[in-house]
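Computed from a predicted model, the values in this text were never measured in an experiment. Atoms within each ligand, like the ligands themselves, are counted from 1 in listed order.
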Amino acid sequence: MTSASRVTALALAALLTLSAAGPGARAADLNPVKQAAVAAVDNHRDELIALSNQIWAYAETALQEKRSSRALADYATAQGFVVQSGVADLPTAFVASYGTGHPIIGILGEYDALPGISQKAQPVQEPLVAGGAGHGCGHNLFGAGSIGAAVAIKELIASGRLRGTIRFYGTPAEEAVGGKIYMARAGLFSDLDAMLAWHPSDKPQADVTGSQALVDFIVEFKGRAAHAAADPWNGRSAVDGLELFTHGLNMLREHVKPTVRMHYVIQEAGIVPNVVPDRAKLWCWVRDKDRPGVEAVLQRLRDIAAGSALMAGVEAQVTIQGGDWELLVNRPGARLLQENMALLGDLPFTAEEQEFAKAIQKATGVAEVGLVTRLRPIEEQVFEGGSTDVGDISWLVPTLHLSVTTAPYEAPWHAWPVVACGGMSIGHKGLVYAAKTLAATMTDLFTRPDVLAGIQAEFRSQSQGVTWKPYIPDGPPPIPAP
Ligand SMILES: [Zn+2]
């Protein structure tokens, strides 16, 4: 720990002591513009919760989010934003803008669900729709909370208390494809001064641990079919190639950094045993804490694919489908978020909500500690696995990212507990808290040019010499047929 961050730790400790005084905004600690921003979120609270519930019930998966996207875009239009839909060749993406000139502050919203995890808003596992999708990553809250913050800033610009532009980005397909990457490639973030985003979580914090870089690729093997008993010498098995590849990949695990994650599924591996299979296909993701780490492992796997093909007498082809850059952490930005979270105090969960959370923790076999209400100090954060297409944006524009409690501590993510809490008051309180933090933080970016300049200087020094190049292939996004 450097001496500078020790000073920050002391300052944070002081702020945390203040925040322990009780739930809700400490009006006395908020300047008048911040008070107005927080009050605006409260004024729209019921609408934001209704929007979130609507998107929760739609539970539309990646690139299918037509009604969810429409609900948010219509709300933005009704609030006076200029809305441009279908940006970057993504039918469910949109940009909602208000105001003119700089600073131009962006805020991200997501709204895609995950297949197969439909769940009622109750602490006992039971699907709302059998086999249906569910918001197991809380993106219904993410979209509604972010638009709430954007509306608060819009009202301050409209009343002349802030000058500049607020822009809400409706970003589809975070759970597959990565809609933001196509939006970035289309240049939609190029004139921004700063970007903000939050994510539902099991704890509140201004994130400084980043996310993992990821590459998503297919390995295909092509062999020669033959009768498996009558003339196997004429055959070359693509499945042999695939099995050698997975063996090589699994041996490689011993020789990679502890931060590397490799996961795959086998998509094609022959049809019947009495035909030597001429096709085999595997879908693989490799992650590490940063892109150079991912690239190094990818090169080893390319060699392993070539070696496997040579041994099996077949051909191998590796095709990159997509991937995410790691999130570039902006520490001055994180400190600003942390200050604003501390001003807002603890998350105001009730005893009933804590019981709801504990019931889920009991059902999922994790410690029954309930919901985390207290802001986590920056110095206590630990790196967790996972990737996001927000990472790519963070290399193009300074990005401030926070997490807010919307689910029980350490209960399974991308699973029914998150869906359950996202459809009731636990998720709603997280949504409102996130909207207030984001709105309050944005007022600083609009009114304190020195703070914004510090965030931008940090971004320039961290990203110097790096040219963003997306993992996605050339051409339009893979939109499913209607
Ligand atoms: Zn998510």
- Task: May I ask you to list the protein N, O or S atoms found at less than 2.8 Å from the Zn ion (ligand 1)?
- Result: C137 SG, H139 NE2, H199 NE2
- Task: Please determine, by modelled atom types, if H44 and E155 share a side-chain donor-acceptor pair under 3.5 angstrom.
- Result: yes
- Task: Sort and list the pairs that fulfil side-chain hydrogen bond (donor to acceptor under 3.5 Å, both in side chains) and have at least one residue in residues 471-482, not counting sequence neighbours.
- Result: E295-Y471
- D207 and H199 side chains, donor-acceptor separation under 3.5 Å: no
- Message: For the residue pair T61 / D112, report whether a side-chain donor-acceptor contact shorter than 3.5 Å exists.
- Response: no
- Scan for side-chain hydrogen bond (donor to acceptor under 3.5 Å, both in side chains) pairs involving residues 120-129, sequence neighbours excluded, and state none if there are none. K120-E126, Q122-E126, Q125-W416
- Task: Could I get the full list of ring-ring contact (aromatic ring centres under 6.0 Å, His included) partners for F356, not counting sequence neighbours?
- Result: none
